[in-house]
Amino acid sequence: MSIYDAIYAVVSQIPRGKVATYGQVAALANLPGQARLVGYALYRVDHSSDIPWHRVINAKGEISQSPFRYGSDDVQRSLLEQEGIQFSPVGKISLKEYCWQPSLPLPPASLFQ
DNA sequence: TCCTTGACCAGAG
DNA sequence: CCTCTGGCCAAGG
């Protein structure tokens, strides 16, 4: 059981048209305060997998870029726009409007242990 | 085993 | 709006 399994399990539950922040995912994965690990986990996700990695953004409501994507963050942006998410002129997403709020209290740990 | 790096965050100034 | 700081922890050299 790797901590990544919990992270992937949470990310997989983010519905279409919604986004979640790294910190949020970390908390739901029962890893409070370990947002960096979420980023690290997503880094090693295969883009061809089922995991909706593009629905995870940073706390500022912006797309985080990574070295290996080299500015091709347009990919993530396009995917999000396809789901109806709108960006501000500055490239920010309205968390107020699109932040995922899990209706069912995700359960946590029992599900993943 | 030590040291550095990293798709982060919240708080302080 | 900006920068800096400390904290978290896995992976790679």
Side-chain angles (χ1 to χ4, degrees):
Chain A
M1 171 72 189
S2 119
I3 64 171
Y4 295 135
D5 293 327
I7 293 175
Y8 297 150
V10 171
V11 175
S12 300
Q13 298 190 37
I14 304 176
R16 244 185 82 99
K18 292 288 179 183
V19 296
T21 66
Y22 292 92
Q24 192 182 358
V25 172
L28 290 171
N30 207 23
L31 300 166
Q34 306 190 63
R36 291 191 87 159
L37 285 189
V38 176
Y40 205 83
L42 292 181
Y43 177 83
R44 45 185 306 270
V45 166
D46 185 22
H47 286 203
S48 61
S49 72
D50 298 334
I51 301 172
W53 56 272
H54 57 280
R55 295 184 194 143
V56 183
I57 60 179
N58 65 27
K60 297 175 204 148
E62 296 176 317
I63 292 178
S64 295
Q65 46 186 349
S66 76
F68 84 99
R69 282 197 300 198
Y70 296 104
S72 69
D73 42 347
D74 301 327
V75 177
Q76 180 168 6
R77 177 170 176 152
S78 305
L79 287 170
L80 292 175
E81 287 179 328
Q82 276 180 15
E83 304 186 347
I85 291 176
Q86 297 177 11
F87 287 73
S88 79
V90 217
K92 281 196 196 170
I93 294 176
S94 166
L95 285 178
K96 187 109 179 173
E97 186 174 0
Y98 299 111
C99 190
W100 173 45
Q101 304 163 48
S103 38
L104 298 176
L106 219 327
S110 49
L111 194 73
F112 309 123
Q113 280 168 2

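In what follows, chains are A, B, ... by sequence order, proteins preceding strands, each numbered from 1.
- Under the side chain to side chain contact (heavy atoms under 4.5 Å, CB included) criterion, A:Pro15 pairs with A:Lys18, A:Trp100, not counting sequence neighbours.
- A nucleotide of DNA chain C counts as in contact with chain A when one of its atoms lies under 4.0 Å from a heavy atom; the first and last such, 5' to 3', are C:dC1 to C:dA11.
- The interatomic distance linking A:Ile51 (CD1) with B:dA7 (P) rounds to 17 Å, in whole Å.
- For the pair A:Tyr43 OH and B:dT5 P, the computed distance is 14 Å after rounding to whole Å.
- Among pairs with a residue in residues 81-93 of chain A, those fulfilling salt bridge (charged side-chain N to carboxylate O under 4.0 Å, His left out) read A:Arg55-A:Glu83, A:Arg77-A:Glu81, at least two apart in sequence or across chains.
- In this structure, A:Tyr4 and A:Val45 have side chains that are not in contact, with every pair of non-hydrogen atoms separated by 4.5 Å or more.
- Place A:Arg36 and A:Tyr4 on DNA chain C by their nearest nucleotides, and A:Arg36 ends up nearer the 5' end.
- Spacing between atom CD1 of A:Ile7 and atom C1' of B:dG6 amounts to 14 Å, rounded to whole angstrom units.
- Partners of A:Leu31 under the side chain to side chain contact (heavy atoms under 4.5 Å, CB included) rule, at least two apart in sequence or in another chain, are A:Ile3, A:Ile7, A:Ala29, A:Gln34.
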Below 3.5 Å between N/O atoms, which protein atoms pair up with nucleotides 9-13 of chain B? Just atom names and distances, please.
unit_1, atom_1, unit_2, atom_2, d
B:dC9, OP1, A:Ala59, N, 2.7
B:dC9, OP2, A:Ala59, N, 3.0

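- One atom, NE2 of A:His54, and another, C1' of B:dA7, lie 14 Å apart when rounded to the nearest Å.
- DNA chain C is contacted by both A:Lys92 and A:Pro32; A:Lys92 maps to the nucleotide lying nearer its 5′ end (nearest heavy atom per residue).
- Within the 4.5 Å cutoff, side-chain heavy atoms of A:Tyr22 are placed close to those of A:Ser64.
- The residue A:Leu31 sits apart from the nucleic acid: no heavy atom pair falls under 4.0 Å.
- Between A:Ile63 and A:Phe87 the shortest side-chain heavy-atom distance falls below 4.5 Å.
- Rounded to a whole Å, the OH atom of A:Tyr40 is 10 Å from the P atom of B:dG6.
- Going from atom CD1 of A:Ile3 over to atom C1' of B:dC8 covers 14 Å, rounded to whole Å.
- Two residues are said to be in side-chain contact when any heavy atoms from C-beta on lie closer than 4.5 Å; A:Ile57 and A:Gln76 meet this criterion.
- Between the CG atom of A:Leu80 and the C1' atom of B:dA7 there is a distance of 13 Å, rounded to whole Å.
- Each of A:Val10, A:Val11, A:Val19 was checked for a side chain to side chain contact (heavy atoms under 4.5 Å, CB included) with A:Val56, and the lone residue meeting it is A:Val11.
- Residues A:Val38 and A:Thr21 form no side-chain contact, since every pair of their non-hydrogen atoms from C-beta on lies 4.5 Å or further apart.
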